[in-house]
Number of protein chains: 2
Amino acid sequence: MANRPRPARRRTTRQLALVLAAVRAAGTEHPTAEEICRRVRRVLPRVSLGTVYRNLQRLVGDGLVGVAHLGSRVARYDPTPAAHDHFVCRSCGRVEDLVAGPPAAGIRSLHRAGHEVTAHALVLYGRCRDCRSA
Amino acid sequence: MANRPRPARRRTTRQLALVLAAVRAAGTEHPTAEEICRRVRRVLPRVSLGTVYRNLQRLVGDGLVGVAHLGSRVARYDPTPAAHDHFVCRSCGRVEDLVAGPPAAGIRSLHRAGHEVTAHALVLYGRCRDCRSA
DNA sequence: CTCGGTGCAAAGGGTTTGCATACAT
DNA sequence: ATGTATGCAAACCCTTTGCACCGAG
């Protein structure tokens, strides 16, 4: 039988740790890769955006951080890897986390048709309280 | 007072009509701009992708076609402009339309917090019947 | 010492835009 | 005749990748 391709032992680097820390430090801000890069550079001024992307990919793959595409073109990273939904304010852009509400009706009708639903992405859009009162 | 910027009278061109026709002809396939461009070129071989994009933007703005970002980076266009959700098969990529199921729970909790929800985007992922039986 | 991670810079894919020309009005 | 829409190509934005060097193991 073929040698299975060796599992490639992974190293933990300063950059990796700092990227993870940056995602977590951003709290609820759902930072972009660029924002994360800026933050990491405060400590390690020479990190490249490429490295940030590579480490983000790895962290997402390992389930340590989440990614969300919230309607714009850029990916936003999220310290909460568990499935959850988002609310985006169309005036100020703020992003709020929501507990994942499995959309029961849609799932039921798909199941009836023989399809299997394994995940979902839900983004709610509107105006946040602050923008409404302004 | 300043002259208000004149409302720019819009022209209807062969290209515009063909782009709309192409979106509609694709039926339930949710074509990409590139696919639409290919179809339009069967009639008008010299249309540019740029023109297709400009016309798609206009049609979306006018509410004649819908756009959906279904997890990948490419925008997919939809002859059904009314709000509705989507199911994407992770094996074969097929896209199924769903009647819009307003995610009541999420909206309620946001409303309680003072936010106003005006729209949503829901994508369900899974395996379609055909891929499950294969 | 190894070989996976890094920095850099260039390539890539999707979409937008500047410009001279074509054409709907 | 007027000026919007077009075709072309270059620019854009976000992300990925190739390569030589660096440094964790």
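Sequence lines set the chain letters: A, B, ... in the order given, protein chains first and strands last, and positions in each chain run from 1. Values below: all heavy atoms of this structure, side chains included; hydrogens, waters and symmetry mates excluded.
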*Check every atom of C:dT6, D:dA5, C:dT16 against the side chain of B:Tyr53 and return the nucleotide holding the closest atom.*
C:dT16

*Checking all strands, does A:Arg11 fall into the base, sugar-phosphate, or nothing category for heavy-atom contacts under 4.0 angstrom?*
base

_I want to check one thing: is the phosphate of C:dT25, taken as OP1 and OP2, less than 4.0 Å away from some side-chain N or O of B:Thr12?_
yes

*What orientation do B:His30 and B:His84 show, parallel under 30°, tilted 30 to 60°, or perpendicular over 60°?*
tilted

*For A:His69 and D:dT15, give me the distance from atom NE2 to atom P, rounded to whole Å.*
8 Å

*Given that B:Val47 and B:Arg73 both sit by DNA chain D, which one's nearest nucleotide is further toward the 5' end?*
B:Val47

*State whether A:Arg10 places a side-chain N or O below 4.0 Å from either non-bridging phosphate oxygen (OP1 or OP2) of C:dG5.*
no

*Judged by atom type as modelled, is there a donor-acceptor pair below 3.5 Å linking the side chain of B:Gln57 to the main-chain atoms of B:Arg54?*
no

*Would you name the heavy atoms of A:Tyr77 and A:Thr32 that are closest together and state the gap between them?*
CD1-C, 4.3 Å

*Tell me whether the OP1 or OP2 atom of D:dT6 has a side-chain N or O from B:Ser48 closer than 4.0 Å.*
no

*asked:* Under 4.0 Å from OP1 or OP2 of D:dG23: is there any side-chain N or O of A:Gln15 that close?
replied: no

*Could you check whether A:Glu34 gets within reach of a base, just the sugar-phosphate, or nothing at all, counting any heavy atom under 4.0 Å?*
nothing

*Under 4.0 Å: is that the gap between some side-chain N or O of B:Arg58 and OP1 or OP2 of D:dA5?*
yes

*B:Leu16 and B:Thr12: which non-hydrogen atoms are nearest, and at how many Å?*
CD2-CA, 4.3 Å

*Using a heavy-atom cut-off of under 4.0 Å over every strand shown, decide if A:Thr32 touches base, sugar-phosphate, or nothing.*
nothing

*When you check the phosphate oxygens OP1 and OP2 of C:dG5, does a side-chain N or O of A:Thr13 lie under 4.0 Å from one of them?*
no

_Would you say A:Gln57 places a side-chain N or O within less than 4.0 Å of OP1 or OP2 belonging to D:dT15?_
no

*B:Arg54, nearest nucleotide to its side chain (from D:dG3, C:dG7, C:dT17)*: C:dT17

*List the atom of B:Arg127, the atom of B:Cys89, and the distance in Å for their closest heavy-atom pair.*
CA-SG, 3.9 Å

*Give one of base, sugar-phosphate or nothing for B:Arg14, where a contact means two heavy atoms less than 4.0 Å apart.*
nothing

*How close or far is atom C1' of D:dT15 from atom CG of A:Asn55, stated in whole angstroms?*
15 Å

